[in-house]
Amino acid sequence: MSAVIASSGESHHAGPQVQERGQRAVFCGLTSIIWLHRRIQDAFFLVVGSRTCAHLIQSAAGVMIFAEPRFATAILGERDLAGMADCHEELDRVVSELIARRSGINRLFLVGSCPSEVIKLDLETAAAKLQAKHENKVRISSFSGSGIETTFTQGEDQCLKSTVAELPTLEAGKENLIVLGTVSDIVEDQFRRLFDELGITDVHFYPGRKAGDMPPIGPGTRLIAAQPFVGETARALIARGAVLIEAPFPLGAEGSKSWFEAIAEAYSRPDDLVQHVLELPYQRAKRAVSSHRSKLEGKRIHFLPDSQLEIPMARFLSEECGLAINEIGTPFHDQLVMRGELSRLAPEVTHVEGQDLDPALERVRESRPDLTVCGMGIANALESEGLRTKWSIELVFSPVQGFDQAGDLASLFAKPLVRESILEVGSWS
Ligand code: SF4
């Protein structure tokens, strides 16, 4: 195989790299439940947490309408250690009720949070005990979405990692491909069509639409990331034999083309076939992006750390839309999954890992970029100072991967800038 496992500890981006430690303003990993529960259609997410957690989940999910939501919060009140037995009983009761009431649920995730009562609970053991009790009805596992341990997209990484040990072993001599990280159903369908045309078969999306879609894994498994926040799961899959294909993320016409080319190369697909299959969608994507280019070209953009999508988004915007990158902040830097991106960034771009909120905001205020991509909490403050912003969470919620979404991706950034120019014209008239 021509696939490469990226080693950690070396960077391929020559630009200045800074580490910041201080106050952060990033959602916790519970937020990822919003897209995970939409993706895995027969999974239930039971947050073991406080009223704050329940509130976060409900308000973050408030934009969507559910007939019957597949998440809930088991609220644990103040208890001392002596009260922990009650906590386990309570959890036992809630889970039993849930399983009895919701027969369509095939996977239950217990999701840990950060209140001290929850930290005292050993959710992994609790999940194992509950699994033994409800053996034939539902698979039960746990992961942490705690704000102490996770930023919002890391919740997905923790969730997926918690299921890796359950994946069946791929038969010796067999080959398969795992596409790692949540993509929307429509993106999965488009990708599958292209894989078919490239003659790449036995492709698994992880997570899949159903909790039981568990790809077999072994030395014949090739692994490609579709999202940049799945590094720990990727490591767990590599530990089970998978070989990681190094590529930029499938964002924009160029990113999508490079992503498919890297996979095709790992499968030794003939170059003329690959170019023939990719040419039409690539040209269509380029046209769709170029229709937004006039609104984006020459603008300056600043990424505050939030979703981990910052580096690939910056690459797309500079490479394909002509934006200048002021600064890229990421909550943390994972060399393993980011290696295919870094070499494509302009060398002078400053990359800041971590966050120290006040100095970070000061730099935004000083440079006054045309657009700042940031968390919802920060956006309001910057907007009130006349700065245009884009919520990074929208980039996670929207289907943005692949050729057919490239134009929509460009328009997500163009919209706030167009709004700005309308406001300016309005104020002159
Ligand atoms: Fe807040 Fe922690 Fe609950 Fe997240 S897990 S909502 S950070 S209390």
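Predicted model, so just to flag it, every value in this text is computed and none were measured. Whatever order the structure lists ligands and atoms in, that order sets their numbers, starting from 1.
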Is it true that Gln190 and Gln401 share a donor-acceptor pair across their side chains at a distance under 3.5 Å? no

Please determine whether the number of non-hydrogen atoms from other residues, nucleotides or ligands lying under 6.0 Å from atom CD of Glu124 exceeds 12. no

Under 2.8 Å from atom 2 (Fe) of ligand 1, which protein N/O/S atoms are there? Cys114 SG

Is the closest side-chain donor-acceptor distance between Asp185 and Gln41 under 3.5 Å? yes

Run the numbers on Trp391 and Phe397 for ring-ring contact (aromatic ring centres under 6.0 Å, His included), then give the verdict. CA-CA 11 Å; Trp391 292 349; Phe397 283 170; 9.9 Å; no

Acceptor/donor pairs from residues 377-386 side chains to any protein atom, 3.5 angstrom cut, sequence neighbours excluded:
from, atom 1, to, atom 2, distance (Å)
Glu383, OE1, Arg388, NE, 3.2
Glu383, OE1, Arg388, NH2, 2.7
Glu383, OE2, Thr389, N, 2.8
Glu383, OE2, Thr389, OG1, 2.7
Ser384, OG, Ala381, O, 2.6
Glu385, OE1, Arg365, NE, 2.8
Glu385, OE2, Arg365, NE, 3.2
Glu385, OE2, Arg365, NH2, 3.0

Ignoring hydrogens and geometry beyond distance, is a side-chain donor-acceptor pair present between Glu166 and Thr163 at under 3.5 Å? no

